[in-house]
Amino acid sequence: QVQLVESGGGLVQPGESLRLSCAASGIPLNLYSAGWYRQAPGKKREFVARITTNGYTNYADSVKGRFAIDRDNAKNTVLLQMNSLKPEDTAMYYCNVEVTQAGPSGVWGQGTQVTVSS
């Protein structure tokens, strides 16, 4: 089975940092592009960051310069370093791996909650 488990979320104050981790089982993450998405209450899920198999990255304008997506192939994980967090970053964060054989949207994790509040 292919499974993704996100971790690292929590409650932080504006300006602080968090590092999210997406641990994969059943697939080698280095063979797939992967990304992070987020969804706030009452809103649609939105793109945050993506990393390709060659390590190229792209980001939503709202997080560019503050967030960084990376891989740790030894641990078979995808990471999201989030710096200078803002209240508008508050959302459930989901990991996505583009395993197209699993469906058009790939494979998704269960999510980890990030809350930024003073």
Side-chain angles (χ1 to χ4, degrees):
Q1 293 182 3
V2 178
Q3 189 173 21
L4 306 177
V5 179
E6 300 97 332
S7 62
L11 173 63
V12 297
Q13 295 184 350
E16 295 183 342
S17 298
L18 282 173
R19 179 174 290 171
L20 306 184
S21 178
C22 172
S25 61
I27 50 166
L29 282 180
N30 63 300
L31 299 183
Y32 300 93
S33 296
W36 287 92
Y37 296 74
R38 66 188 182 188
Q39 187 169 20
K43 296 184 178 180
K44 294 183 177 180
R45 190 169 299 185
E46 66 176 356
F47 167 78
V48 175
R50 182 174 181 265
I51 185 167
T52 72
T53 55
N54 290 325
Y56 296 105
T57 60
N58 64 297
Y59 301 90
D61 288 342
S62 59
V63 307
K64 193 171 297 182
R66 299 188 298 119
F67 290 11
I69 187 170
D70 201 1
R71 300 176 183 269
D72 187 339
N73 290 333
K75 297 180 180 179
N76 207 35
T77 62
V78 177
L79 307 172
L80 184 67
Q81 178 66 45
M82 305 186 296
N83 299 324
S84 302
L85 283 162
K86 304 175 180 179
E88 50 263 45
D89 295 318
T90 296
M92 185 73 75
Y93 282 71
Y94 297 92
C95 178
N96 172 252
V97 178
E98 297 172 17
V99 185
T100 56
Q101 295 145 308
S105 298
V107 177
W108 293 87
Q110 295 296 309
T112 185
Q113 179 67 40
V114 172
T115 302
V116 185
S117 177
S118 59

Salt-bridge criterion met for Lys86 and Asp89 (N-O under 4.0 Å): no
Test item: Leu18 and Glu16 side chains (from C-beta on) under 4.5 Å apart, heavy atoms: no
Interatomic spacing from CG in Asn83 to CZ in Arg19 - rounded to 0.5 Å: 8.5 Å
Sequence-distant partners of Ser62, side-chain contact (heavy atoms from CB on, under 4.5 Å), two or more places apart: Arg38, Ala60
Polar side-chain atom of Asn30 near backbone of Thr53 as donor-acceptor pair, under 3.5 Å: no
Closest contact, heavy atoms only, Leu80 versus Ala49: CD1-CB, 4.1 Å
Atom CD of Gln39: over 12 foreign heavy atoms under 6.0 Å: yes
Transitive ILVMFWY side-chain link Phe47 to Ile51, under 4.5 Å: no
Partners passing side-chain contact (heavy atoms from CB on, under 4.5 Å) against Thr112 (at least two apart in sequence or in another chain): Glu6, Leu20, Tyr93
Heavy-atom pair with the smallest gap, counting every atom of Ala91 and Ala40: CB-N, 3.9 Å
Minimum heavy-atom distance between Val48 and Val63, given as atom pair plus value: O-CG2, 3.5 Å
Closest non-hydrogen atom pair, Thr90 against Val116: OG1-N, 2.9 Å
hydrophobic_cluster_shared for Met92 and Val97, side chain cutoff 4.5 Å: no
Contacts of Ser84 that satisfy side-chain contact (heavy atoms from CB on, under 4.5 Å) - sequence neighbours left out: Arg66
Contacts of Ser7 that satisfy side-chain contact (heavy atoms from CB on, under 4.5 Å) - sequence neighbours left out: Ser21
Joint hydrophobic cluster, Met82 plus Tyr94, side-chain heavy atoms closer than 4.5 Å: no
Shortest non-hydrogen contact between Leu29 and Cys22, atoms and distance: CD1-O, 4.0 Å
Pair listing, ring pair (Phe, Tyr, Trp, His ring centres under 6.0 Å) test, anchored in residues 95-118, at least two apart: Tyr37-Trp108
Ser17 vs Gln81 side-chain heavy atoms within contact, under 4.5 Å: yes
Side-chain (Asp72) to main-chain (Leu79) donor-acceptor, under 3.5 angstrom: no
ring-ring contact (aromatic ring centres under 6.0 Å, His included) partners for Tyr59, two or more places apart: none
Atom pair CG (Leu4) and OG1 (Thr77), whose distance is rounded to the nearest 0.5 Å: 11.0 Å
Connected via hydrophobic side-chain network under 4.5 Å: Tyr32 and Tyr56: no
Minimal non-hydrogen separation, Asn76 against Ile27, with atom names: ND2-O, 2.8 Å
